[in-house]
Undergrad: 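Right, I'll just put the structure down here and ask away after.
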Amino acid sequence: MIHGLLGRKIGMMQYFTKEGMAIPVTVIAAGPCIVTQIRTPERDGYSAVQLGYEEVEPRKLTKPQQGHLKASGGKMLRFLREFSADDPQAHKPGEVVTVELFRPGQKVDISGTSKGRGFAGVVKRHGFRGGPKTHGQSDRHRAPGSIGAGTTPGRVWKGQRMAGRMGGTRVTIQNLEVVEVLPEQNLLLVKGSVPGARNGLLQIRKAVKG
């Protein structure tokens, strides 16, 4: 069994349980994915299964990418990612993996790229409270304040929280619950929110802490 799948975030909606409770869910178009390569310890130093997702025209891929994908049936795929598996050798290139990999009630970890929010100050980026609003402080309301010591250490510490580019990074949310699986539409309903904007690429994996 492969431990993950690729998909795209469709959006959020309400889902009503059998008890009549309304819960927020994220709708994910998950798969179908195609096995494109099997990683082996003898050749690669580790075991994994490489999956491809979202078919595209050949002109949108480089020649090396096209040559790599010919071994898995010739379908040109936009995204390639690797996942662990119980027994990678039991899978073959060209095999199709669908959303039926998951079941309702299962816990999953979902990774994606968070929304880019541009250059942000310390109040928005790190939750600083800013400076005092009175006693002559007319322009320090959202300033970071002091950023270091004096002679010792005589420099700014690495990793000091400052203003900078916010978002646009890889984020993983763990232990999300699968609410419903719709194999006919290749849809996965997951309780709660997931990283990224609509139509963003997601990696759905079996929870490591579940």
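Note that the structure is a prediction, hence the values are computed from the model and not measured.
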Undergrad: Would you say the side chain of Leu6 lies within less than 4.5 Å of the side chain of Leu202, judging by non-hydrogen atoms?
TA: no

Undergrad: Do you know the tightest heavy-atom contact between Gly192 and Thr26?
TA: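 For Gly192 versus Thr26, the nearest heavy atoms are O-OG1, 2.5 Å.
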
Undergrad: Taking Thr172 for the side chain and Ile110 for the main chain, is one N or O donor matched with an acceptor at less than 3.5 Å?
TA: no

Undergrad: Other residues, nucleotides and ligands only: do more than 12 of their heavy atoms fall within 6.0 Å of CZ on Arg155?
TA: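 Enclosed.
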
Undergrad: With clusters built from Ile, Leu, Val, Met, Phe, Trp and Tyr whose side-chain heavy atoms come within less than 4.5 Å, directly or transitively, what are the remaining members of the cluster of Trp157, listed by chain and number?
TA: none

Undergrad: With a 4.5 Å limit on heavy-atom distance, are the side chains of Val49 and Glu82 in contact?
TA: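 Counting from C-beta outward, Val49 and Glu82 never come under 4.5 Å.
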
Undergrad: Run Arg129 and Val123 through side chain to side chain contact (heavy atoms under 4.5 Å, CB included) and show every step you take.
TA: CA-CA 6 Å; Arg129 69 179 183 180; Val123 172; over 6 Å; no

Undergrad: Give the minimum heavy-atom separation between Asn175 and Ala207, together with the two atoms involved.
TA: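 Answer, listing the atom of Asn175 first, then Ala207: OD1-CB, 3.5 Å.
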
Undergrad: Is there a donor-acceptor contact under 3.5 Å from the side chain of Gln106 to the main chain of Arg103?
TA: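 Flag set: sc Gln106 to bb Arg103 pair under 3.5 Å.
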
Undergrad: Taking the basic N atoms (NZ, or NE/NH1/NH2) and the acidic carboxylate oxygens, is any pair closer than 4.0 Å for Glu54 and Arg8?
TA: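 Judged by the 4.0 Å cut-off on N to carboxylate O distance, Glu54 and Arg8 do form a salt bridge.
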
Undergrad: For the backbone of Val208 and the side chain of Asp109, can you confirm whether one donor and one acceptor N or O come within less than 3.5 Å of each other?
TA: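 Between the backbone of Val208 and the side chain of Asp109 there is a qualifying donor-acceptor contact (under 3.5 Å).
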
Undergrad: Quick check: is Val181 connected to Val97 through a chain of hydrophobic side chains (ILVMFWY, heavy atoms under 4.5 Å apart)?
TA: yes

Undergrad: Can you name the side-chain contact (heavy atoms from CB on, under 4.5 Å) partners of Glu95, sequence neighbours left out?
TA: Val35, His91

Undergrad: Are Ser111 and Arg205 linked by a side-chain donor-acceptor pair shorter than 3.5 Å?
TA: yes

Undergrad: Mind checking who shares a hydrophobic cluster with Met12, ILVMFWY linked at side-chain heavy-atom distances under 4.5 Å?
TA: none

Undergrad: Under 4.5 Å between side-chain heavy atoms, counting indirect links through other Ile/Leu/Val/Met/Phe/Trp/Tyr residues: same cluster for Val56 and Leu77 or not?
TA: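 Shared cluster, yes.
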
Undergrad: Can you find a heavy atom in the side chain of Lys92 that is under 4.5 Å from one in the side chain of Ile38?
TA: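 The answer is no; the side chains never approach within 4.5 Å.
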
Undergrad: Less than 4.5 Å apart, any side-chain heavy atom of Glu180 and any of Phe102?
TA: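 In short, these two side chains do not touch, never coming nearer than 4.5 Å.
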
Undergrad: Are side-chain N/O atoms of Arg170 and Gln203 paired as donor and acceptor at under 3.5 Å?
TA: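 Per modelled atom types, Arg170 and Gln203 side chains form a pair under 3.5 Å.
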
Undergrad: Would you say Tyr53 and Leu201 make side-chain contact, with heavy atoms under 4.5 Å?
TA: yes

Undergrad: CG/Leu51 to CG/Leu80 distance, rounded to the nearest 0.5 angstrom?
TA: 9.0 Å

Undergrad: Using side-chain contact (heavy atoms from CB on, under 4.5 Å) as the criterion, list what pairs up with Glu177, not counting sequence neighbours.
TA: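 Lys107, Lys191.
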
Undergrad: Do you know which two heavy atoms are closest between Ala163 and Phe119, and how far apart they sit?
TA: CB-CE2, 3.9 Å

Undergrad: Working to the nearest 0.5 Å, report the span between CG of Leu176 and CD1 of Ile204.
TA: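 So the CG of Leu176 and the CD1 of Ile204 are separated by 10.5 Å.
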
Undergrad: Search all heavy atoms of Pro132 against all heavy atoms of Gln137 and return the closest pair with its distance.
TA: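 Closest heavy-atom pair between Pro132 and Gln137: O-CB, 3.2 Å.
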
Undergrad: So, taking the atom named CZ in Arg59 and the one named CG in Leu61, what distance separates them when rounded to the nearest 0.5 Å?
TA: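 Interatomic distance, Arg59 CZ to Leu61 CG, rounded to 0.5 Å: 10.5 Å.
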
Undergrad: For the residue pair Met166 and Lys124, establish whether any side-chain heavy-atom pair is separated by less than 4.5 Å.
TA: yes

Undergrad: Give, for atom CZ of Arg117 and atom CZ of Arg125, the distance between the pair rounded to the nearest 0.5 Å.
TA: 13.0 Å

Undergrad: Would Leu188 and Met1 show up in the same hydrophobic cluster when neighbours are defined by side-chain heavy atoms closer than 4.5 Å?
TA: yes

Undergrad: About how many Å separate NZ of Lys206 and CZ of Phe83, when rounded to the nearest 0.5 Å?
TA: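 Between Phe83 CZ and Lys206 NZ, I get 13.5 Å after rounding to 0.5 Å.
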
Undergrad: Mind checking whether Asn199 and Lys9 have side chains closer than 4.5 Å, heavy atoms only?
TA: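 Side-chain contact under 4.5 Å: no.
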
Undergrad: Closest approach of Val99 and Ala30, non-hydrogen atoms and distance?
TA: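 Answer, listing the atom of Val99 first, then Ala30: CB-O, 3.7 Å.
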
Undergrad: With a 4.5 Å heavy-atom cut-off, do Ser47 and Arg39 have their side chains touching?
TA: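 Heavy-atom side-chain distance check fails, nothing below 4.5 Å.
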
Undergrad: Hey, mind stepping through Met76 and Lys60 against side chain to side chain contact (heavy atoms under 4.5 Å, CB included) and telling me if it holds?
TA: CA-CA 9 Å; Met76 299 294 109; Lys60 294 187 177 180; over 6 Å; no

Undergrad: Considering all heavy atoms of both residues, which atom of Ser146 and which atom of Gly148 are nearest to each other, and what is their separation?
TA: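 Looking at all heavy atoms of both residues, the shortest contact is OG-O, 3.3 Å.
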
Undergrad: Show which residues join Val25 in its hydrophobic cluster (side-chain heavy-atom contacts under 4.5 Å, direct or indirect), or state none.
TA: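 Traced through the cluster, Val25 reaches Ile10, Met13, Tyr15, Ile23, Val27, Val179, Leu182, Leu187, Leu189.
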
Undergrad: Could you tell me whether a side-chain N or O of Thr98 sits under 3.5 Å from a main-chain N or O of Pro32, the two making a donor and an acceptor?
TA: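 Checking the backbone N and O of Pro32 against the side chain of Thr98, no donor-acceptor pair under 3.5 Å is found.
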
Undergrad: To the nearest 0.5 Å, tell me how far Lys75 NZ sits from Ile34 CD1.
TA: 4.5 Å

Undergrad: For Lys133, look at atom NZ and say whether over 12 heavy atoms of other residues, nucleotides or ligands are found less than 6.0 Å away.
TA: yes

Undergrad: Could you list the residues that satisfy side-chain contact (heavy atoms from CB on, under 4.5 Å) with Glu19, not counting sequence neighbours?
TA: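 Partners of Glu19 by the side-chain contact (heavy atoms from CB on, under 4.5 Å) criterion, ordered by chain and then number, come out as Thr17.
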
Undergrad: Would you say CZ of Arg43 has more than 12 non-hydrogen atoms from neighbouring residues, nucleotides or ligands within 6.0 angstrom?
TA: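 It does: Arg43 CZ has more than 12 such atoms within range.
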
